[in-house]
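Take a look at the structure below.
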Amino acid sequence: MLLLILFSCNQQEEVFVIENIEPQKPIIDFGFKYDNFNVQYDTIQSQDTFEKILKKQNLNGKKVATIIKIIKDSFSTNVRFKKPYITLRSKDKYNKLQYLIYQPNRLEYYLVDLTDSIVGFKRSRPLTFKVKTFAGRLNGSLASTFKKEHIDASLTKKLMKVYAWSIDFFKLKKGDKFALSFTERYINDTLYDGIDSLRAAYFEYKGDKIYAFPFKQEKNGKIDYYDDQGKALKNFFLKAPLKFINITSHFSKNRFHPVQLEWKAHKGTDYAAPTGTPIMTTASGVVEQAGYSTGNGNFVKIKHDKTYETQYLHMSKILVKRGQRVKQGETIGKVGSTGLASGPHVCYRFWKNGEQVDALKLKLPNSQLMENKNLKRFKSETQFLKRELDSVLASKFKV
């Protein structure tokens, strides 16, 4: 801090305080201190090629040809419209081009070094990972709650996928507690690059406390998510054949049919949705039937194993064929109102051991049970994550 004292004509002191202004830190990026160069930023134009970019730098045709010949084996010289590039020139009177940096994306870059011999290579900017753990209450939908918390929207999709077999996110209630721990990627330690991975999660749902921890049962196996007891969150069947659930009619032994105008059994669950909405198979299996009938309209029936079968009615379009093997979550058709239907919806039917049953009342099996030999390792690897979530919950809500 600089103190400046001035004397006026009446001999009274006037004191002015001048704060020290710290010198601006030099910009460092791609391993270069920009203060040492004349820096120019530019963008690839629609007709640009790597050769044209070099020629814009006042390099003659022979020099350009030599550069391209030398670097062509080090990286691709194809450039993409609207992507940035930077030139670093000497700060002397010659303003000589020393480096050219082209960025096809935020992480990777190509560098042409002209300082001594010509060198070209591809590199990646340094990535750092930061763990974020927090707790909160739902205030509206999950997406709107995350938006208010400034959480990346991609995490919403990730959580809906992880909990697809355990939670209907459209039935979560305002005030339900949740806690999350995830890693975020940063380029050069400052530039946010998105969510890297979900470390752990907790949700309250209909009075239950549902944890989610990623775990591999085998060294080279696939990561699945398990609750705090080692039970797989991924069940054999999805909760519904549509991503957005709007049940308009339940399984019933006696329902007034809106088209036939008579009381009769309704052995399925109706999910309303706009025409064209994708219909998913709720479990993997083989297409047993795919066709049309007067009552069902366009429909698909899938055999999952010796015990379970499912059927999907009133489609506007069928996207699979008889005998085709399908995977859980695969789109097999589009919502419609063909057959005896008063509006666009899918009637979802379920068979167990040859008998039609109410899918919503079944306790369906897990797709992959935790092997006993892995349970001890799972508990060891996830106990500290559970403590993190419990701690942040206790701190947030003063439990």
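Please read these numbers as outputs of a predicted model, since none were measured by experiment.
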Checklist line | Taking every non-hydrogen atom, the tightest pair across V392 and A179 | finding: CG1-CB, 4.1 Å

Item checked: Counterpart residues, ring pair (Phe, Tyr, Trp, His ring centres under 6.0 Å), relative to F182 (two or more places apart) -> none

Next item on the list: Using salt bridge (Lys or Arg N to Asp or Glu O under 4.0 Å) as the criterion, list what pairs up with R185, not counting sequence neighbours.
Entry: D193, D196

Check: Quick one: does Y34's side chain get under 4.5 Å of D29's, heavy atoms only?
Finding: yes

Item checked: Where R377 and K216 come nearest, the two heavy atoms and their spacing -> NH2-O, 2.9 Å

Notebook entry, point to check: What is the minimum heavy-atom distance between N38 and S90, and which atoms define it?
Noted result: ND2-O, 3.1 Å

Notebook entry, point to check: Can you list every pair that meets side chain to side chain donor-acceptor pair (under 3.5 Å) and has a residue in residues 319-341, with sequence neighbours left out?
Noted result: W165-Q328

Item checked: Intermediate values then yes/no, salt bridge (charged side-chain N to carboxylate O under 4.0 Å, His left out), D228 and K209 -> CA-CA 10 Å; D228 55 325; K209 299 176 179 179; over 6 Å; no

Notebook entry, point to check: What pairs of residues pass the ring pair (Phe, Tyr, Trp, His ring centres under 6.0 Å) test when at least one of them lies in residues 313-352, not counting sequence neighbours?
Noted result: F237-F350, Y308-F350, Y312-Y348, H314-H345

Note to self: Quick check against the 3.5 Å criterion: does K132 have a side-chain atom that pairs as donor or acceptor with the backbone of L180?
What the structure shows: no

Item checked: Rounded distance (nearest 0.5 Å) linking atom NZ of K317 with atom OG1 of T275 -> 13.5 Å

Item checked: ILVMFWY cluster membership beyond Y94 - transitive side-chain contacts under 4.5 angstrom -> none

Notebook entry, point to check: Between Y292 and G339, what is the shortest heavy-atom contact and its length?
Noted result: OH-N, 4.3 Å

Next item on the list: Over 60° means perpendicular and under 30° means parallel, so classify the ring planes of F32 and Y99, tilted if in between.
Entry: tilted

Checklist line | Those residues that, when tested against Y202, pass ring pair (Phe, Tyr, Trp, His ring centres under 6.0 Å) (two or more places apart) | finding: Y211

Notebook entry, point to check: Hey, is NZ on K352 packed in by over 12 heavy atoms from elsewhere, all under 6.0 Å?
Noted result: no

Next item on the list: Verify the distance criterion only: is there a donor paired with an acceptor across the side chains of T190 and N188 at less than 3.5 Å?
Entry: no

Checklist line | A200 to L385 - nearest heavy-atom pair and separation | finding: CB-CB, 4.1 Å

Margin query: A side-chain contact here means heavy atoms from C-beta on lying under 4.5 Å apart; do V79 and K52 qualify?
Written below: no

Notebook entry, point to check: How about K379: does its NZ atom have over 12 heavy atoms from other parts shown lying under 6.0 Å from it?
Noted result: yes

Item checked: same_hphob_cluster(L54, F81) at 4.5 Å side-chain heavy-atom cutoff -> no

Check: What distance separates Q217 CD from L375 CG, expressed to the nearest 0.5 Å?
Finding: 9.5 Å

Notebook entry, point to check: Residues in salt bridge (Lys or Arg N to Asp or Glu O under 4.0 Å) with E51, at least two apart?
Noted result: K55

Item checked: Inter- and intrachain pairs under side chain to side chain donor-acceptor pair (under 3.5 Å), touching residues 56-69, at least two apart -> D48-K56, Q57-R89

Margin query: Under a 3.5 Å distance rule, please check whether E204 uses its side chain to pair with a backbone N or O of K177 as donor and acceptor.
Written below: yes

Next item on the list: Identify the heavy atoms of I195 and S154 that sit nearest to each other, and give their distance.
Entry: CG1-OG, 3.7 Å

Next item on the list: Each residue besides L191 in its hydrophobic cluster should be listed here, by chain and number; the cluster joins Ile, Leu, Val, Met, Phe, Trp and Tyr at side-chain heavy-atom distances under 4.5 Å.
Entry: L107, L127, F129, I187

Next item on the list: Kindly say whether R106 contributes a backbone atom to a donor-acceptor pair with the side chain of R125 at under 3.5 angstrom?
Entry: yes

Margin query: I need the N374 CG to E381 CD distance, nearest 0.5 Å.
Written below: 9.0 Å

Note to self: Name the residue from E288, K301, K303, H304 that meets the side chain to side chain donor-acceptor pair (under 3.5 Å) definition with T310.
What the structure shows: H304

Next item on the list: Answer yes if I332 and F299 sit in the same cluster of Ile, Leu, Val, Met, Phe, Trp and Tyr residues linked by side chain heavy atoms under 4.5 Å apart, and no otherwise.
Entry: no

Checklist line | Straight-line distance of K396 NZ to R137 CZ, nearest 0.5 Å | finding: 9.5 Å

Notebook entry, point to check: Out of curiosity, does V326 fall in the hydrophobic cluster containing L319 (side-chain heavy atoms, cut-off under 4.5 Å, transitive links)?
Noted result: no

Notebook entry, point to check: Under the ring pair (Phe, Tyr, Trp, His ring centres under 6.0 Å) test, which residues partner Y186, sequence neighbours left out?
Noted result: Y192

Note to self: Just verifying a value: how many Å separate Q40 CD and L88 CG, rounded to the nearest 0.5 Å?
What the structure shows: 10.5 Å

Margin query: Would you say that more than 12 heavy atoms from the other residues, nucleotides or ligands in this model lie under 6.0 Å from the NZ of K96, or not?
Written below: no

Side-chain donor/acceptor pairs under 3.5 Å, residues 354-362, sequence neighbours excluded:
from : atom 1 : to   : atom 2 : distance (Å)
Q356 : NE2    : K267 : O      : 2.9
D358 : OD1    : L360 : N      : 3.1

Note to self: I'd like to know if the side chain of T183 and the backbone of S197 have a donor-acceptor N/O pair within less than 3.5 Å.
What the structure shows: yes

Notebook entry, point to check: Do F146 and F178 have their ring centres less than 6.0 Å from each other?
Noted result: yes

Notebook entry, point to check: If two hydrophobic side chains count as joined below 4.5 Å and joins carry through other members, does V64 share a cluster with L114?
Noted result: yes

Item checked: Side-chain heavy atoms of P278 within contact of K243, under 4.5 Å -> no

Next item on the list: Count the heavy atoms of every other residue, nucleotide or ligand shown that sit under 6.0 Å from CZ of R123, and state whether that count exceeds 12.
Entry: no

Checklist line | Reported OG1-to-NZ distance for the pair T43 and K82, which is rounded to 0.5 angstrom | finding: 9.5 Å

Margin query: When you compare the side chain of I53 with that of I44, does any pair of heavy atoms fall below 4.5 Å?
Written below: yes

Next item on the list: Go through the structure and list residues passing ring pair (Phe, Tyr, Trp, His ring centres under 6.0 Å) with F30, not counting sequence neighbours.
Entry: Y109

